[in-house]
Structures are given as C-alpha cells and as structure tokens.
Amino acid sequence: MRGLLDEVAIVTGGGGGMGRAIGLRFAAEGAVVGVFDRDAGTADATVREIEKAGGAAHAVEVDLTDYAAVSAAVTAFEEEVGPTSVLVNNVGWDRFLPFLETTPELWDQLVGVNLFAHLNVLHRVLPGMKERKRGKVVMLASDAGRVGGSREAVYSACKGAMIALGKALAREHAREGICVNSVCPGPTHTPLLESVKDEPNGEQLYEALRRAIPFRRFGDPADIAGIVVFLCSDEASYITGQSISVSGGLTMHG
Ligand SMILES: NC(=O)c1ccc[n+]([C@@H]2O[C@H](COP(=O)([O-])OP(=O)(O)OC[C@H]3O[C@@H](n4cnc5c(N)ncnc54)[C@H](O)[C@@H]3O)[C@@H](O)[C@H]2O)c1
C-alpha cells in the first residue's frame, strides 16, 4: 500500500490479539510501530515478532487510562522515534454481564479503557498532526457500537461514543489533512473473545455468537489488520468520518 514507508504508527493495546496483527501489518509496509500497552510482556512479544519479520517497533509500557502517564509516554516515544503520523486507538476491554448485574465500579473501569484511554491519546497526539497538517487515525470500535451487544451495554455505549468521537474529529480536522475513521469488528479470535467463556453460560453465548455469523466462523485478527492499514495509507486519503464493519456479514449496514 502506498504511503506508509517510514511513517510512525502508534497502536494502543498493541500487545493484544488485534493490536499485534495490526502492528505486524504496519511494519510489513515499512512503518515504525509504537506498541503502547500496560502489559510489558505482551508488548515486548509484539516487538519481537515484528523484528523477527524484519520490521521496526518499540514497546511502550503505559496505563492508557492515566492522562499524565500517556502524555509522558508519547513525549518520550516521539523524542526517540519521531513525530506520530498514524494513530490506531485499538485498546479495549469488556466483561460480558447483563446491565442490571453490573456496578458503578465496573462502569468506571469500562469507560476508562474504552473511552478515556482514547481521549487521552488523541488529546496528546492530534496537536502534532494538526501542526504538521497530516495524520491518519483509526478507531477500533465494534459492531456493538452500531447495533448494541447483549450483555455488553456499557461497552456498547463506549463503542458508539468512539464512532461519534471519530466523526466529530474527522469534521474538526479535515482541513488540516487528518483523516479519522472507525473499524467495527464482529467477534474475532483474541484473548478478549475467549474471556466470554469465563462468564455465566459463556460457552453457550460463545457458540451462539459463532452461529449468528453468516460465514459461520469468528474473525481472525489478520482479517481486521488489512482494513486498518489501508485506511492509514495514501490509498485512503479521501476517506474520512466513515465506519466499516468487518464481521463476516454479521451486520450489514446500508
Ligand atoms: N475480539 C473481539 O471479538 C472484538 C470485537 C469487536 C471489537 N473489538 C475491539 O478490538 C480492540 C482490540 O481487541 P482485542 O480482542 O485484540 O483485545 P485483547 O484483549 O486481545 O487486547 C487488548 C490489549 O489492551 C491492553 N490494555 C488493556 N487495558 C489497558 C490499559 N488501561 N492501558 C494499556 N493497555 C491496556 C491489554 O494488555 C491487551 O494487550 C478492542 O478495542 C476491542 O474492544 C474486539
């Protein structure tokens, strides 16, 4: 894909299932990848895989829900690697419970990871993109944010907010050459999806999810990585404010 050689791409939650696949795909296109994750072990593992494949990456251990920590991490990363031209807001977390069984403490945790973490990184990275008049942002939302997900009401609310946030920022920053789009995966094979099985009746829910997909299989992280990298390439320079489902046909929007 055109336009990614030597670009600097931050992938939040880059140690996780999709984050790792996305990081590997960026590195294959010649971008330098910042793997931002609170789990230093998985972030390092992503960096090692990228390096083994001949790419370049840096692990950054940071709790993305902490604004001051994010600010310091971005400063240190950019001083070492260079200005960020691509940001993938991929970090996410969920618990699969009926809304009435959730607590305000859990809402705080869910909103912290699924919304505030993105606000934190965007607020720190967008000023540089604005100044340089170029940048690409992808929000890893979810089909739950478009159609609602049973047993994930607060998560769905955050994912809907991510899509709206992306559209608002796409409008605010279009004249500065910054594109902001959302990718909405359906159920995809990662540690997050496997955690469904730990919930009450989780095995049944897991199987019901699989059966509801027209392709009759869960997504693979590599199914998601391609569209993310495409949206950050020069091939997609006239695409902004859009939401694209990658869900094996589970949801089909007009
Ligand atoms: N897997 C799915 O079925 C699915 C479906 C739709 C959307 N999504 C979304 O895709 C994105 C990637 O999901 P995944 O399945 O790869 O998840 P994952 O659980 O495999 O990875 C998430 C990563 O985020 C990191 N992380 C969590 N909280 C953090 C914090 N506070 N600070 C820093 N790092 C933190 C974790 O350490 C982990 O490496 C998420 O936004 C998720 O909501 C996933």
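Read the numbers this way: they start at 1 and go in the same order the structure lists the ligands and their atoms. Here, residue 1 is the first one in the sequence, and each next residue gets the next number. Hydrogens, waters and symmetry mates are skipped; everything else that's a heavy atom, side chains included, is used.
At a threshold of 4.0 Å, the pair Glu207-Arg210 counts as salt-bridged, since one of the basic side-chain nitrogens sits closer than that to a carboxylate oxygen. Checked for salt-bridge contact, Glu7 and Arg134 meet the test: a charged N lies under 4.0 Å from a carboxylate O.
Between the side chain of Asn90 and the backbone N or O of Leu140, no donor-acceptor pair lies under 3.5 Å. Judged by distance alone, with hydrogens and angles left aside, the side-chain atoms of Lys136 form no donor-acceptor pair with the main-chain N or O of Cys179 at under 3.5 Å. Judged by distance alone, the side chain of Ser142 and the main-chain N or O of Lys159 form no donor-acceptor pair under 3.5 Å. Arg151 contributes no side-chain N or O that, together with a main-chain N or O of Pro98, makes up a donor-acceptor pair within less than 3.5 Å. Counting only distance, with no hydrogens or angles, the side chain of Asn114 and the backbone of Trp93 share a donor-acceptor pair below 3.5 Å. Here the side chain of Thr12 pairs a donor or acceptor atom with the backbone of Val91 at under 3.5 angstrom.
In Tyr155, the part holding a heavy atom less than 4.0 Å from any atom of ligand 1 is the side chain. For Lys159, every heavy-atom contact with ligand 1 shorter than 4.0 Å involves the side chain, none the backbone. At a heavy-atom cutoff of 4.0 Å, ligand 1 is contacted by both the backbone and the side chain of Val91. In Ile224, neither the side chain nor the backbone holds a heavy atom less than 4.0 Å from any atom of ligand 1. With a heavy-atom cut-off of 4.0 Å, Cys184 does not touch ligand 1 at all.
Backbone and side-chain nitrogen or oxygen atoms of Asp63 are examined, and one is located within less than 3.5 angstrom of a nitrogen or oxygen of ligand 1. Residue Gly16 has at least one nitrogen or oxygen atom sitting less than 3.5 Å from a nitrogen or oxygen atom of ligand 1, judged on distance alone. Where the criterion is an N or O separation shorter than 3.5 Å, residue side chain and backbone included, Gly19 fails it with respect to ligand 1.
Among all non-hydrogen protein atoms, the one lying nearest atom 16 (O) of ligand 1 is Met18 N, 2.8 Å. Considering only non-hydrogen protein atoms, atom 13 (O) of ligand 1 sits nearest to Leu192 CD2, 4.0 Å. Shortest contact from atom 15 (O) of ligand 1 to any protein heavy atom: Thr190 OG1, 2.4 Å. Gly186 O, 3.3 Å is the protein heavy atom nearest to atom 5 (C) of ligand 1. The nearest heavy-atom contact from the protein to atom 28 (N) of ligand 1 is Arg38 CZ, 3.3 Å. Remark: minimum distance from atom 6 (C) of ligand 1 to any protein heavy atom is reached at Pro185 O, 3.3 Å. Scanning the protein for heavy atoms near atom 32 (N) of ligand 1, the closest one is Leu64 N, 2.9 Å. When hydrogens are left out, the protein atom nearest atom 36 (C) of ligand 1 is Asp37 OD1, 3.4 Å; that is the closest non-hydrogen contact.
For the ligand labelled ligand 1, residue Pro191 lies inside the 4.0 Å heavy-atom shell.
Ring to ring, Tyr206 and Phe218 are close: their centroids are under 6.0 angstrom apart.
Here atom 41 (O) of ligand 1 lies nearest to Asn90 when heavy atoms of Val35, Thr46, Asn90, Asn89 are compared.
Note that CE of Met139 and CG of Leu122 are 5.0 Å apart. Values are rounded to the nearest 0.5 Å.
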